[in-house]
Amino acid sequence: QVQMVESGGGLVQAGGSLRLSCTTSGLTDDDAMAWFRQAPGKEREVVSCTSWPGDPADYIDSVEGRFDASRPPNSKNTLYLQMNNLKPEDTAMYYCASKNEYCRHSWRDRARYKYWGQGTQVTVSS
């Protein structure tokens, strides 16, 4: 049974930072892990994808250079998202998700992710 639990969300001013964590159980090294987000009135979108512990992540353009997703080899059951220089448009519910394949297989396709956490809210004030 796969479980995924996010934490670390909160309210921050524009330009600030937050670090999200996703604690998991039941995943293997062959399961890619991703961060998604969903703003009110918008579709859920992928933010990043990490194939295996220690692997560099893929990012969408709007967060490239500001966000850093990591899945450390010595803590491979935890996925982190370090978010720097946050902007009001980053406000959303953030979810972690996993799928039984590597990121190179259509990592932006939400339908390919089988397991999801409940989400953690990030609010960035201007």
Where at least one partner belongs to residues 43-95, residue pairs that pass disulfide (SG to SG under 2.5 Å), sequence neighbours excluded: Cys49-Cys103
Apart from Leu11 itself, residues in the same hydrophobic cluster as defined by side-chain heavy atoms under 4.5 Å: none
Connected hydrophobic set around Trp52, excluding itself, where side chains approach under 4.5 Å: Tyr102
Residues forming a ring-ring contact (aromatic ring centres under 6.0 Å, His included) with Trp116, sequence neighbours excluded: Phe36
Residues which pass ring-ring contact (aromatic ring centres under 6.0 Å, His included) with Tyr94, listed by chain and number, not counting sequence neighbours: none
Any residue meeting side-chain hydrogen bond (donor to acceptor under 3.5 Å, both in side chains) with Asp55, in chain and number order, not counting sequence neighbours: none
Any pair counted as salt bridge (charged side-chain N to carboxylate O under 4.0 Å, His left out), so long as it reaches residues 101-124, sequence neighbours left out: Lys99-Glu101, Glu101-Arg112
Qualifying ring-ring contact (aromatic ring centres under 6.0 Å, His included) pairs with a residue from residues 61-92, counting only residues at least two apart or across chains: none
Any residue meeting side chain to side chain contact (heavy atoms under 4.5 Å, CB included) with Met4, in chain and number order, not counting sequence neighbours: Val2, Cys22, Thr24, Leu27, Met33, Cys96, Ser98, Tyr115
Side chain to side chain donor-acceptor pair (under 3.5 Å): pairs with one or both residues in residues 11-22, sequence neighbours excluded: Ser17-Asn84
Contact list for residues 27-38, test salt bridge (charged side-chain N to carboxylate O under 4.0 Å, His left out), sequence neighbours left out: Asp29-Lys76, Arg37-Glu45, Arg37-Asp90
Results of salt bridge (charged side-chain N to carboxylate O under 4.0 Å, His left out) for Asp58 - residues two or more places apart only: none
